[in-house]
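Chain naming here is simple, since letters A, B, ... match the order of the sequence lines and numbering starts at 1 in each. Heavy atoms only: backbone and side chains are in, while hydrogens, waters and symmetry mates are out.
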Amino acid sequence: MTQQARDALLDGLNPAQRQAVEHVDGPLLIVAGPGSGKTRVITHRIAYLNRHVGIGPGRIGAVTFTNRAAKEMRTRLEHLLGDRARYVSAGTFHSLCAQILRRDGKAIGLPPEFVIMDDDDQLGLIKRAMVICEVDPKKFPPRSILSAISSAKSQLLTPEGLAQRATGYYDEVVRRIFIEYQTLMSRSRGVDFDDLLSRTIELFRESPEALAKYQERFIHLMVDEFQDTNVAQYEIAKQIAGKYRNLAVVGDPDQSIYSWRNADIRNILSFQKDFPGTVVVNLSQNYRSTSNILNASRKLISANRHRLEQDLFTDNEEGAKIIIAEAYNEDEEAQLVLQEVERLTREEDFKLRDFVVTYRVNAQSRALEEACLRYGVPYKLVGGTRFYQRREVKDLVAYLRLLQDPYDEPSLIRVINVPVRGIGKRSIDDLIAWAGSLSIPAYAALQLLAGDGTEALDGARDTDTSPFSPRQRHQLVGFLKLINDLQACLPDMELPELIDEVLTRSGYRRSLLDSEEPDAEDRLDNLREFRGVSADWVGMPSSESLQPFLENAALVSEQDAIVEDEQQYLTLITLHQIKGLEYPVVFITGVEDGVLPHTRSLDDPDQLEEERRIAYVGMTRARKRLYLLRSFRRRLFGAPTGNPPSRFLRDIPEELVEAAATRARATGGGLRAPGSPGATPASIVDDGPIVQAGPPPFRAGDKVSHASFGQGIVVNCLAKPGDYEITVAFKGQSGIKRLLHSFAKLESAQTPPSPKVVAEPISEPFEG
DNA sequence: GGTTTTCACGTTACG
DNA sequence: CGTGAAAACC
């Protein structure tokens, strides 16, 4: 690498960033504040390692929090390394471990065809384990048992280890279920996400050869979002870096928001002890936010008692003040957001994709979605029920998993009666019990049943031990035949074809088509989409593609697929998921005691500190503008509640805040600056004058078109203070929508009856 | 065994 | 309020 090339790589970096890039020998801890260019530092460091130090890209490992971050990293690396970027191993701990175990798991008795179990599978096994242990699920909710087990596992505790720490009856219950759960899990050759980690550690412990292999494989290892790693993950990093000690971790303790998922912030503290001679680099300059936003965020987070002070600063301009506003209820809160979005897109140079609306709990998205629909604003809801989590998708995946590995018991149980085929709870329980008594998997028991069954059905002879009536047996054998027949298709079909075959032969598609349920149509759409995803694996028989396809489905969440596209839409996302992203304009809604901080955290100081970090993460996403909204009343679980303003608001210095309340009074309730035009919220009862916005722009029967909803016919045009609410019946999927005239860009689809009005429908609603 | 009704419950979510 | 799972019913 020439000196010039090296300079180019370091060009534009501040001294601390430079130091982090250039320190390539030995352990490194980077404490990176928000917006400090941490991603840039990581990618440049990798490029530097490769091009300047000469480490092959295949021997550099980068562990990220999400697959999305890994993908992003690879994209950035391509600019620096070109083709070589492909060889950098970037992924999550889980994907890394899955690969290691597929390859070398045999050394600890793990068959390469193990199945990765997700939360639902886990819960199912927990419930069954509880039945076996005779534990009442009413007294011990399966979910909390599961989280206790998962917590133990991610701290690398075995049931025995748990017993030693046991403090009471509850731990004993957990211990017993834990043991049973692991038995059930291994019987179906399953591995949960915690096992992926702990079994990798086990492999490294049992097989020095395997450990040595991966120590050589990853001469350099980097871990991003280190504050959100758990004990097991850190252990893996320590093992792999055990030989060369080239471990670089990057994190920000103030952004640790996953302790409830067993992330252990102590990892950061123990790092320097575990790796003596660690070089610590602080990235303190913020390149993202205005100084107002950064200073407000710093003030907020400095109220936390347990933390290390970071001297964050920025050279960015002061920028607009932070706007804090109160709405009457959550609908109005959403309306304020949308009005402000509308105003900023109109008056300033913001595009829809520059905005994000973020909130503490998913339930808050509803009001926002409705407001978006009303305003005709396209939006993207991030999260919610994830694609692979949808029932129909999981059903189909279960079928496919069953074809790949018929001993996958959770999958078998999931679909044995889906669609209903006369195998009820009783039969399933009997089957499991019978298989258990023979110490064989349920699928093997079915085969046994089929083998003996034909005679028994014909000759009414019943010499075997199975507990089934002829009818039950018939149904069960029928299901077995379905699976076996489908399995026979594997070598001859490509994946999409196979999926069609599964849906048809199983009767799944038929049952959805015949279904009366209103969402049956959506389900079919989802299945179609799923088949679409499988089209990436064409060109080989599904006997080969099924395994990698399912692995991908288990390890990759749909969150990875988002953003990227050029589409203009408003993003709705939770505060947890927004970590790592940035937007020019950020709205945080529900800044109330009880929501942010959440009710469940109010009485625990540690949890309250985490809530504060959540708020901090949200605020520091903003580059130019930050809005903190709350509402006076909020419907939670149907019951209306009134939450006081968030205690966090008191930590934000007044001089950084726009006096929104005063302004709101002066202008009749909106967020706009005094004197600037904008629509008055219809539902705010205030003493501002009611202004009507000119003559009705449309009449019932007018044909109109809308950028996202297409063509439609106006059904009604209702006067609102300062605006018109237009009800339109759109063609196709969109259906009936109520849109506000001032914002929805409705265009007349035919020669307008009064061109004056229609030609300029949006810009100045007050000029009537 | 399948369908309907009632009931309880409700934070955040990476892989 | 909305959902999913257990209980009650057919």
Side-chain angles (χ1 to χ4, degrees), chain A residues 63-70 91-99 116-124 127 137-138 141-143 147 150 154 191-197 224-225 228-230 232-233 256-263 330 358-367 382-386 388-389 391 417 419-430 469 471-472 475 516-517 519 551-560 573-580 590 594-602 607 610-611 613-615 617-618 634-641:
Chain A
V63 184
T64 51
F65 189 69
T66 61
N67 279 317
R68 167 170 57 73
T92 62
F93 272 109
H94 291 95
S95 52
L96 174 71
C97 291
Q99 282 176 33
I116 299 170
M117 303 270 170
D118 70 6
D119 322 29
D120 277 9
D121 303 325
Q122 289 178 278
L123 208 60
K127 284 178 184 167
K138 289 243 169 61
R143 277 197 185 278
S147 94
S150 172
S154 58
V191 167
D192 66 25
F193 283 103
D194 295 308
D195 292 334
L196 284 177
L197 306 173
D224 194 9
E225 306 286 8
D228 288 320
T229 53
N230 64 31
Q233 290 166 329
S256 153
I257 57 174
Y258 283 100
S259 73
W260 51 275
R261 228 187 54 205
N262 309 317
E330 71 265 32
T358 179
Y359 36 81
R360 178 66 232 272
V361 300
N362 278 311
Q364 287 174 260
S365 70
R366 182 178 295 268
V382 179
T385 330
R386 297 210 293 269
Y388 287 107
Q389 211 123 308
R391 201 203 310 163
N417 198 30
V420 284
R421 49 172 75 87
I423 305 173
K425 190 176 184 314
R426 180 72 198 280
S427 309
I428 296 171
D429 287 348
D430 287 350
S469 68
R471 189 188 126 77
Q472 278 179 311
Q475 309 288 54
E516 299 292 318
E517 283 177 56
D519 51 352
E551 181 93 351
N552 188 61
L555 287 171
V556 170
S557 68
E558 127 218 57
Q559 222 225 319
D560 312 329
I573 190 172
T574 64
L575 283 161
H576 278 87
Q577 292 185 95
I578 204 175
K579 188 181 80 160
V595 179
L596 179 67
H598 194 269
T599 330
R600 307 265 276 237
S601 313
L602 289 178
Q607 283 195 47
E610 178 142 325
E611 297 285 316
R613 293 194 291 270
I614 294 169
V617 166
R634 182 176 298 279
R635 220 190 299 276
L636 286 173
F637 311 138
T641 52

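- Rounding to whole angstrom units, CZ of residue A:F193 and P of B:dG15 are separated by 9 Å.
- The separation between A:R421 atom CZ and B:dT3 atom P is 14 Å, rounded to whole Å.
- Atom CG in A:L123 sits about 13 Å away from atom P in C:dG4, given to the nearest Å.
- Summary of the strand contacts: A:T92 and A:N417 both lie near DNA chain B, and taking for each the nucleotide with the nearest heavy atom, the more 5' one is attributed to A:N417.
- A:D194 and A:S150 share a donor-acceptor pair across their side chains, judged by distance under 3.5 Å alone.
- The aromatic ring of A:H576 is not stacked on the base of B:dT12, since the criterion of ring centres less than 5.5 Å apart with planes inclined by under 30° is not met.
- Under 4.0 angstrom from either OP1 or OP2 of B:dT12 there lies no side-chain N or O belonging to A:Q577.
- An OP1 or OP2 oxygen of B:dG1 is reached within less than 4.0 angstrom by a side-chain nitrogen or oxygen of A:S427.
- Nearer the 5' end of DNA chain B, as judged by each residue's closest nucleotide, is the contact made by A:Q472, out of A:H598 and A:Q472.
- Atom-to-atom, CD of A:Q475 to C1' of B:dG1 comes out at 10 Å; the value is rounded to the nearest Å.
- OP1 and OP2 of B:dT11 both lie 4.0 Å or more from every side-chain N or O belonging to A:S601.
- Checking the phosphate oxygens (OP1, OP2) of C:dA7, a side-chain nitrogen or oxygen of A:K138 falls inside 4.0 Å.
- Residue A:N552 places no side-chain N or O under 4.0 Å from the OP1 or OP2 atom of B:dG15.
- Aromatic stacking of A:Y258 on B:dC14: not satisfied for centres closer than 5.5 Å together with planes under 30 degrees.
- Proximity of A:N67 to the phosphate of B:dC14: no side-chain N or O atom is located under 4.0 Å from OP1 or OP2.
- Using cut-offs of 30° and 60° on the angle between ring planes, the pair A:Y258 and A:F65 is tilted.
- Side-chain atoms of A:R600 and base atoms of B:dT11 include no donor and acceptor less than 3.5 Å apart.
- The local environment of CZ in A:R421 is crowded, with over 12 non-hydrogen atoms from other residues, nucleotides or ligands closer than 6.0 Å.
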